[in-house]
There are 2 protein chains.
Amino acid sequence: MADTLIGRRRSILQETRCQTCSLSSLCLPLALEVDDMDQFDAIIRRRAPLKKGEALFRQDTPFSSVFAVRSGSLKQVTTEGSGEDQLTNFYLPSELVGLDGIDEQHYPGTVVALETTTVCEIPFDRLDHLAESMPELRGQLYRSMSKELRDDRRMMRLLSRKTADQRLASFFTSLSERFRRRGYSPYSFRLSMARADIGNYLGLAVETVSRILGRFQTQGLVAVSGREVNILDLPALTRLAEEEGAH
Amino acid sequence: MADTLIGRRRSILQETRCQTCSLSSLCLPLALEVDDMDQFDAIIRRRAPLKKGEALFRQDTPFSSVFAVRSGSLKQVTTEGSGEDQLTNFYLPSELVGLDGIDEQHYPGTVVALETTTVCEIPFDRLDHLAESMPELRGQLYRSMSKELRDDRRMMRLLSRKTADQRLASFFTSLSERFRRRGYSPYSFRLSMARADIGNYLGLAVETVSRILGRFQTQGLVAVSGREVNILDLPALTRLAEEEGAH
DNA sequence: CGCCTTTTTGACATTGGTCAAGAGAAGTGG
DNA sequence: CCACTTCTCTTGACCAATGTCAAAAAGGCG
């Protein structure tokens, strides 16, 4: 009884409950029964929203939790020795951040909000404990990691076999698809990241990104104005993305 | 009693038991108690050794098991639509193959033996079932996947920020380190893969691989004769590998 | 409104790919 | 065991894609 009240109160004040979260069908609790979802819900910690530029966690910090993005977006950046930073990932709502920290027990990169962003913190030890008795949750966790592995392989393919044009086309079609799955327009969206971030992520110089965006525009593939993007010819963009650079 | 006999017999005939496997300290059963290891052992299936060029499994085949490499080596190759093949990974003894198939329930690439190779087959449903009651095993499984994620990020960094020389240097130092961890010489080893495989993996043309190997040789970094490699100046190679290409 | 950051554009340099050809290795069958 | 075929690897000449440097234009924020 008290529990329910607290639960209700929390949901009103902070909208923290998975049951009422519009992302639950894409997120970890996917496929959990009501009872299980309640338990899962109970281990989640709310965080104050991150402001643009704020870090969710920093590289080499001890690993303790994974995070589900609730709204906004983030980038993961790794610094290595002398080298420049490398942007290894962008995270959108419902995606899980921090899974690559499990192995070495610290986060292998700094994760920074690209805009105002809210996340659910999921302490990993408690998640694992829960997973012990919930095969569904366990499966979902495996799947999340496995999916990330597959995405990484796709990225490796992009980096080693695609031309700059194809990389940009892939970037746009992939974003478009991710927005679509989350119920947003796949044709019209706002980039939360700078050109420099895109270039870093795709392994291209900023200037190249800028030039190719210009070319896409004159080719009638997209209309870009600052960070506002309108995809005009998705099929053509998809075709381009799926071609492969000579080599 | 009968169990023990069968167990013994199996171990003599096929050397399948984890307890007697020299890799157990690097492999999944790492950190399992004796009892747990016996149970783990029981779910493992032996396979006939693969001959050079034989496939362990093919792309898009239904996912059912992960595999631990026992001896030899393999490569994973993904074909995508019209594009050329992309070599996404090499696997050495004690490494786990197939984890990226969990999510979509089929293998995202074909895995082929580079030489005579033996593997342990671990049916995934049984592994997961066991993981339910063995937190150690569960942890080990998470760690394996997480490590692969980290390795992938390193690879992405290599592909997007390193010059051809730095890539080759990384390739050699990484191989060297992997051999060292497995108790082999870090200075002298045999490449089981062709130059074309190395090039494909590193995102370089075969010719470039060949040329740079030649240059490394005249610089006194390595001595290469066919697939026989002697690392002459590991520190220098490491330095080179850790530099980062302009950009 | 002015400063600072982000983006665009231009000129030029460099890395690494492509094509072509030849030298070695290695597997195959007589 | 050798001759033949077929890969695999190396080398050279040339070229295209993309990076670098420089500077101007456009945005965004206090």
Side-chain angles (χ1 to χ4, degrees), chain A residues 51-53 75 83-84 86-87 112 114-116 158-171 190-218 222-229 240 243-247, chain B residues 51-54 75 83-87 112 114-116 158-171 190-218 222-229 240 243-247:
Chain A
K51 286 196 285 261
K52 179 173 174 175
K75 63 177 176 183
E84 257 177 74
Q86 163 77 12
L87 204 167
V112 176
L114 291 169
E115 58 195 311
T116 303
L158 176 144
L159 291 171
S160 71
R161 313 215 86 78
K162 292 191 177 172
T163 65
D165 295 54
Q166 292 159 355
R167 292 182 199 191
L168 258 304
S170 290
F171 181 70
R190 178 164 221 297
L191 300 172
S192 57
M193 67 292 285
R195 301 282 190 276
D197 290 333
I198 300 177
N200 189 322
Y201 179 61
L202 297 176
L204 299 170
V206 205
E207 295 92 327
T208 308
V209 173
S210 194
R211 272 188 257 271
I212 291 176
L213 251 46
R215 202 181 318 146
F216 278 5
Q217 193 135 225
T218 63
V222 294
V224 189
S225 164
R227 298 196 174 176
E228 227 41 74
V229 176
L240 182 54
E243 277 176 26
E244 297 228 337
H247 252 245
Chain B
K51 286 196 285 259
K52 180 176 171 173
E54 260 188 291
K75 63 177 174 183
E84 257 178 75
D85 290 351
Q86 162 78 11
L87 205 165
V112 176
L114 292 168
E115 58 196 311
T116 303
L158 178 146
L159 290 171
S160 70
R161 311 214 87 77
K162 293 190 176 173
T163 64
D165 294 56
Q166 292 159 354
R167 292 183 200 192
L168 257 304
S170 291
F171 182 70
R190 178 165 221 295
L191 300 171
S192 58
M193 68 292 283
R195 300 283 191 278
D197 289 333
I198 300 177
N200 189 323
Y201 179 61
L202 296 177
L204 299 171
V206 205
E207 295 93 328
T208 307
V209 174
S210 194
R211 272 188 257 271
I212 291 176
L213 251 45
R215 204 182 315 146
F216 278 4
Q217 193 133 226
T218 65
V222 294
V224 189
S225 164
R227 299 195 175 176
E228 225 46 70
V229 176
L240 182 54
E243 279 176 23
E244 297 228 336
H247 251 246

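All values below come from the heavy atoms of this structure, side chains included, with hydrogens, waters and symmetry mates left out. Proteins get letters first, then strands, A, B, ... in listed order; numbering begins at 1 in each.
Regarding B:L168, its CG atom lies at a distance of 16 Å from the P atom of C:dT15, rounded to whole Å. Following rounding to the nearest Å, A:E228 (CD) and D:dG27 (C1') show an atom-to-atom distance of 14 Å. If you measure from atom CG of A:L191 to atom P of C:dT7, you get 9 Å, rounded to the nearest angstrom. Rounded to whole Å, atom P of C:dG16 lies 16 Å from atom CZ of A:R161. Atom P of nucleotide C:dT8 and atom CD of A:Q217 are separated by 9 Å, given to the nearest angstrom. Rounded to an integer number of Å, the gap from CG of A:L159 to P of D:dT18 is 13 Å. For the pair A:N200 CG and C:dT7 C1', the computed distance is 16 Å after rounding to whole Å. One interatomic measurement links the two molecules: CG of B:L204 to C1' of C:dT15, which rounds to 11 Å at whole-angstrom precision.
Side-chain contact between A:I212 and A:R167 is absent, with no heavy atoms from C-beta onward closer than 4.5 Å.
Put simply, CD on B:E243 and OG1 on B:T163 are 7.5 Å apart, with the number rounded to the nearest 0.5 Å.
The minimum heavy-atom distance linking B:K52 with B:L114 is given by the pair CG-O, 3.5 Å. In this structure, B:L158 and B:S170 approach most closely via the heavy-atom pair CD1-CB, 3.6 Å. When all heavy atoms of B:G53 and B:V112 are compared, the closest pair comes out as O-CG1, 3.4 Å. The heavy-atom pair separating B:N200 from B:D85 by the smallest distance is ND2-O, 3.2 Å.
Look at A:R190 and A:E228 and you find a salt bridge, because one of the NZ, NE, NH1 or NH2 atoms lies within 4.0 Å of a carboxylate O, short of that distance.
Here the side chain of B:R161 pairs no donor or acceptor atom with the backbone of A:G203 at under 3.5 angstrom.
Two residues, B:I212 and A:R195, neighbour DNA chain C, and the one matched to the more 5' nucleotide by heavy-atom proximity is A:R195. Sequence order on DNA chain D of the closest nucleotides to A:S225 and B:A196 puts B:A196 first from the 5' end.
Comparing the helix axis at one end of the helix from C:dC1-D:dG30 to C:dG30-D:dC1 with that at the other, each defined from 5 consecutive pairs, gives an inter-axis angle of 50° (nearest 10°).
Residues meeting the side chain to side chain donor-acceptor pair (under 3.5 Å) test with B:Q217, sequence neighbours left out: none.
Closest to the A:D165 side chain, of the nucleotides C:dG17, D:dT8, D:dT18, is D:dT18.
For C:dT7, the OP1/OP2 oxygens have a side-chain nitrogen or oxygen of A:R227 closer than 4.0 Å.
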Would you tabulate the nitrogen or oxygen pairs shorter than 3.5 Å linking the protein to nucleotides 9-13 of chain C?
unit_1	atom_1	unit_2	atom_2	d
C:dG10	N7	A:R211	NH1	2.9
C:dG10	O6	A:R211	NH2	3.4

